Amino acid sequence: MPVYEVLTTQGTLDAEKRSALAAEITKVHTEETGSPAAFVQVVFPELPAGHSYTAGAEATPHIIRGQIRAGRAPSVRHAIITRLFDFYAELTGASRMSILVAVLDVPAQWAMEAGYILPEPTEAEEAAWFARLDAAQA
Amino acid sequence: MPVYEVLTTQGTLDAEKRSALAAEITKVHTEETGSPAAFVQVVFPELPAGHSYTAGAEATPHIIRGQIRAGRAPSVRHAIITRLFDFYAELTGASRMSILVAVLDVPAQWAMEAGYILPEPTEAEEAAWFARLDAAQA
Amino acid sequence: MPVYEVLTTQGTLDAEKRSALAAEITKVHTEETGSPAAFVQVVFPELPAGHSYTAGAEATPHIIRGQIRAGRAPSVRHAIITRLFDFYAELTGASRMSILVAVLDVPAQWAMEAGYILPEPTEAEEAAWFARLDAAQA
């Protein structure tokens, strides 16, 4: 966690744009939350043409949805949403009307990585979690 | 928002059926919630054959999941779910045992469209939001 | 419900591994929750190579996300997460650092299967729900 999904129509994002988005999403998430980058996942599922509709008509919406650990301050969430929205619009030139960014909560206790239930999103809990992971790998 | 995902196996829905579903989902959502159609997204991800299982056996389930703004009355949610279920079964002839419809909540404050954090799902908040959008585009 | 999604990169899971995962996920879910297997869905969406990033670099993460009915005990959720994590790592040989398992809640009242809003996840409610379904099909 987090997992950010950028859902577009095939042909929207080439490898260079995907790479730029992955770098920026990772940067924004770590800067705004203070959490490490190690487990920031960014995935780019694509739909074939003719498989997306807006207001009942065929369209090419850009749907960015992040699942982050619950407990972030509203200001953190808003900063993530705003920065991702603006970066995506700038990078792709997509109409701002066609972009959706949402950042959803998953309780830390509901997820496991590296074999351990996730820590709460605080500096102390994360430090303890990584220390435990390091010790197990030593 | 909302985003409705209709997840099926390749070959289940042709362009005509996708179009009919997108139209109906948009109609049902706007009728039941009173919200405008402008931002209703309907997407049709597909799985290759052999990539879905029900009860441990290969199957072709039909999984319709909507993400809507939190705060809708239970009666609104139930009406959406029931109408989408019945329409899908009728349109496709799929077994009712193989259809799942779920409608999930996303707090309005957790999402952005057109560059603005979403309004709460009330008439007054939505009117103010669209007025702000119109003013910005004027 | 539940719906378990196993998101990987194309080429990660062959038909045999998908089948083994579907069987095990179904087994774990029914054993830990006591609910019947009839509506356990397991789907395997895949991303093309170059469509996944971890920590900003191209990667091949393994992302397993379940949507289950809300109301399960934390111990049930933890048992599901731990068993799925360990089974997946063992079956695929994937690095434990690259695996994420999350189990998310959906209120029963927010979903419909077989034409009926789902029962709460208790033995009594489920028995009544299936009895109603049987009567309707008789």
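The structure displayed is predicted, hence computed values, not measured ones. Residue numbering restarts at 1 for every chain, and letters A, B, ... go by the order of the sequence lines.
For Glu5(B), the part sitting under 4.5 Å from any heavy atom of chain A is the side chain, from C-beta outward, and nothing else. For Thr30(B), no part sits under 4.5 Å from any heavy atom of chain A, backbone or side chain. At a 4.5 Å heavy-atom cutoff, the contact between Leu7(A) and chain B is made by side-chain atoms alone. Using a 4.5 Å cut-off between heavy atoms, Leu104(A) touches chain B through backbone and side chain atoms alike. Heavy atoms of Gln67(B) lying under 4.5 Å from chain A belong exclusively to its side chain.
Interface summary for chain A: among Gln137(B), Arg18(B), Glu46(B), the most heavy-atom pairs under 4.5 angstrom belong to Arg18(B). Of the listed residues Gly56(A), Ala55(A), Ala102(A), Pro74(A), the one with more heavy-atom pairs under 4.5 angstrom with chain B than any other is Ala55(A).
Rounded to the nearest 0.5 angstrom, Met112(B) CE and Leu100(A) CG are separated by 10.5 Å.
Val43(B) has its side chain out of reach of His51(A): every pair of non-hydrogen atoms, C-beta onward, lies at least 4.5 Å apart. Side-chain contact between Pro48(A) and Phe44(B) is absent, with no heavy atoms from C-beta onward closer than 4.5 Å. Inter-residue side-chain proximity for Leu47(A) and Pro45(B) is flagged as met; some heavy-atom pair is nearer than 4.5 Å. Using a 4.5 Å heavy-atom threshold, the side chains of Val106(B) and Arg65(A) count as separate.
Residue-level contacts of residues 117-135 of chain B with chain A, in order of numbering, are Ile117(B), Leu133(B); threshold 4.5 Å between heavy atoms.
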Run the side-chain donor-acceptor check on residues 75-83 of chain A: report pairs under 3.5 Å with partners two or more places apart or on a different chain.
| from | atom 1 | to | atom 2 | distance (Å) |
| --- | --- | --- | --- | --- |
| Arg77(A) | NH1 | Val103(A) | O | 2.8 |
| Arg77(A) | NH1 | Asp105(A) | OD1 | 3.3 |
| Arg77(A) | NH2 | Asp105(A) | OD1 | 2.9 |
| Arg77(A) | NH2 | Asp105(A) | OD2 | 3.1 |
| His78(A) | NE2 | Gln109(B) | O | 3.1 |
| His78(A) | NE2 | Gln109(B) | OE1 | 3.3 |
| Thr82(A) | OG1 | His78(A) | O | 2.8 |
| Arg83(A) | NH1 | Glu31(A) | OE1 | 3.1 |
| Arg83(A) | NH1 | Glu32(A) | OE2 | 2.7 |
| Arg83(A) | NH2 | Glu31(A) | OE1 | 2.9 |

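A pairwise comparison of heavy atoms in Tyr53(A) and Ala22(B) identifies CG-CB, 3.3 Å as the closest pair. What you find for Gln41(B) and Pro61(A) is that their closest heavy atoms are OE1-CB, 3.3 Å. Nearest approach of Ala114(B) to Met97(A), heavy atoms of both residues: CB-SD, 3.6 Å.
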Steps toward side-chain contact (heavy atoms from CB on, under 4.5 Å) verdict (Ile63(A), Val3(B)): CA-CA 9 Å; Ile63(A) 301 175; Val3(B) 177; 4.2 Å; yes

